[in-house]
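Numbering starts at 1 and runs along the sequence shown.
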Amino acid sequence: MSSRILPVYASAASSIYESYITRAPSSQKLIYDGSSKPFPSPRKPWVDPASLSNCGDASQIQGNVSLRVKQLILNTFIAYGAGDEQCFGHSVAKAVKFVDISAYDSKEKQGRMEAVTTAEVVVNKSMLNGAGMLHGGCLAFLIDNCCSTPLVALGLIQNVNGVGVTQAMNILFHSPAPAGACLRIISTSIAMGGRIMSARCEVINKQTGSVVASAYLNKMQPAISKL
């Protein structure tokens with residue numbers, strides 16, 4: 001994260017939140033107090049993060065959003081990314097550790113807010129292909145779930161539903177990742193529409209600095225009648 005001073009707001013549409021000056025994530029003030037409010041849209045949200053049980057401990061996650069927001073994001077990731085022990089990719093998702101969840105006003109977007117989440121995972125034997133490298137399907141699973149989290153964060157901050165289903169995902173594979181590599185997955189929100197949301201991410205080998213993969217993700221709010 002950059003150490004330059006940036007103004008940060010909880011919502012561009014509501015006057016009940018205050019603006020703050022933020023610095024490095026570890027010392028930043030909260031931009032969202034975690035108060036629970038109903039979603040403003042009359043359409044029932046597909047998933048309300050506040051309705052999920054607590055999964056894991058978010059107290060060690062850095063960043064300038066509140067502990068409540070961090071916990072709700074972690075709950076959503078575990079509930080729908082990992083599921084129970086019989087679900088696909090459970091052990092892979094459980095190996096992911098979030099290290100930072102933050103949000104900022106973007107100069108490039110004329111002050112519109114963007115959320116950034118950073119997660120880490122160590123490649124283990126169960127994630128490898130026959131050549132001894134991280135399997136592309138496993139990496140796609142990690143990107144799909146991690147790249148969704150900044151949208152959940154932005155939704156919580158702006159009091160809208162940021163949880164959706166994946167509509168499209170475009171991944172570029174740049175370099176292999178062997179067993180033991182620690183991958184840093186940095187995901188950033190791009191846009192939050194009424195129904196369509198998008199985010200991007202980079203997967204970086206923490207030890208070598210090489211980019212393992214980059215991706216763009218589109219998500220949408222599903223029609224309840226079709227679920």
Side-chain angles (χ1 to χ4, degrees), residues 1 8-14 16-18 20 22 25-26 28-41 43-84 87 89-90 93-104 113-121 142-166 185-192 195 197-199 201 217 219-222 224 227:
M1 290 296 174
V8 179
Y9 306 92
S11 171
S14 173
I16 62 172
Y17 295 100
E18 298 180 32
Y20 297 92
T22 61
S26 59
Q28 286 168 336
K29 295 181 180 179
L30 300 182
I31 64 168
Y32 180 71
D33 63 7
S35 59
S36 179
K37 298 181 180 180
F39 291 108
S41 172
R43 180 165 51 85
K44 181 180 178 182
W46 177 55
V47 174
D48 182 356
S51 69
L52 302 174
S53 301
N54 282 352
C55 300
D57 178 15
S59 64
Q60 300 304 309
I61 301 175
Q62 300 296 306
N64 66 350
V65 301
S66 73
L67 177 59
R68 173 177 167 79
V69 172
K70 294 171 185 175
Q71 187 65 61
L72 292 179
I73 293 168
L74 188 58
N75 295 348
T76 306
F77 178 85
I78 295 297
Y80 291 92
D84 61 34
C87 290
H90 174 81
K94 291 287 284 185
V96 174
K97 306 296 181 186
F98 284 89
V99 297
D100 192 279
I101 301 174
S102 297
Y104 308 91
M113 177 172 283
E114 66 180 22
V116 182
T117 66
T118 303
E120 293 182 352
V121 63
L142 287 167
I143 290 172
D144 187 16
N145 286 285
C146 291
C147 200
S148 301
T149 56
L151 299 173
V152 179
L154 200 58
L156 289 167
I157 293 169
Q158 297 184 334
N159 198 33
V160 297
N161 187 17
V163 183
V165 294
T166 298
I185 306 169
I186 304 170
S187 305
T188 306
S189 63
I190 298 175
M192 287 277 287
R195 190 175 179 188
M197 307 169 284
S198 57
C201 97
L217 177 74
K219 300 187 79 74
M220 65 179 293
Q221 301 289 341
I224 300 300
L227 294 176

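Taken to the nearest 0.5 Å, the CD1 atom of Ile73 stands 10.0 Å off from the CG atom of Leu154. The distance from atom CG of Leu151 to atom OG1 of Thr188, rounded to the nearest 0.5 Å, is 10.0 Å.
Residue Ile101 comes nearest to Ala153 through the heavy atom pair CG2-CB, 4.3 Å, listed as atom of the first residue, atom of the second, then distance. When all heavy atoms of Phe98 and Ile61 are compared, the closest pair comes out as O-CG1, 3.4 Å. The two atoms that bring Leu74 and Ala58 nearest to each other are CD2-N, 3.9 Å, heavy atoms only. Annotation for Met192 and Val160: closest pair CE-CG2, 3.7 Å, computed over non-hydrogen atoms. In plain terms, the two heavy atoms of Ile185 and Cys201 that are nearest each other are CG2-SG, 4.3 Å. Contact between Leu72 and Pro49 at its shortest, heavy atoms only, is CD2-O, 3.6 Å.
For Thr149, the side-chain hydrogen bond (donor to acceptor under 3.5 Å, both in side chains) partners at least two apart in sequence or on another chain are Thr117. In this structure, the side-chain hydrogen bond (donor to acceptor under 3.5 Å, both in side chains) partners of Asp144, at least two apart in sequence or on a different chain, are Thr166. Evaluation of the side-chain hydrogen bond (donor to acceptor under 3.5 Å, both in side chains) rule for Glu114 yields Lys109 as partners, not counting sequence neighbours.
Looking at heavy atoms from C-beta onward, Asp100 lies out of side-chain contact with Val116 at the 4.5 angstrom threshold. The side-chain heavy atoms of Met220 and Val165, taken from C-beta on, include a pair separated by under 4.5 Å. Side-chain contact between Ile78 and Lys94 is present, with heavy atoms from C-beta onward closer than 4.5 Å. Residues Ser148 and Asn145 form no side-chain contact, since every pair of their non-hydrogen atoms from C-beta on lies 4.5 Å or further apart. Residues Cys146 and Phe77 are in side-chain contact: their nearest non-hydrogen atoms beyond the backbone lie under 4.5 Å apart. Put simply, the side chain of Leu217 does not reach to within 4.5 Å of the side chain of Ile143, judged on heavy atoms.
Gln71 places no side-chain N or O within donor-acceptor distance of the main-chain N or O of Ser59, the cut-off being under 3.5 Å. Distance alone, capped at 3.5 Å, is enough to place a donor-acceptor pair between the Gln221 side chain and the Val163 backbone. Using modelled atom types, one side-chain atom of Ser189 and one backbone atom of Ala115 make a donor-acceptor pair closer than 3.5 Å. For the pair Lys70 (side chain) and Gly63 (backbone), a donor-acceptor distance under 3.5 Å is present. Between the side chain of Asn54 and the backbone N or O of Asn75, no donor-acceptor pair lies under 3.5 Å.
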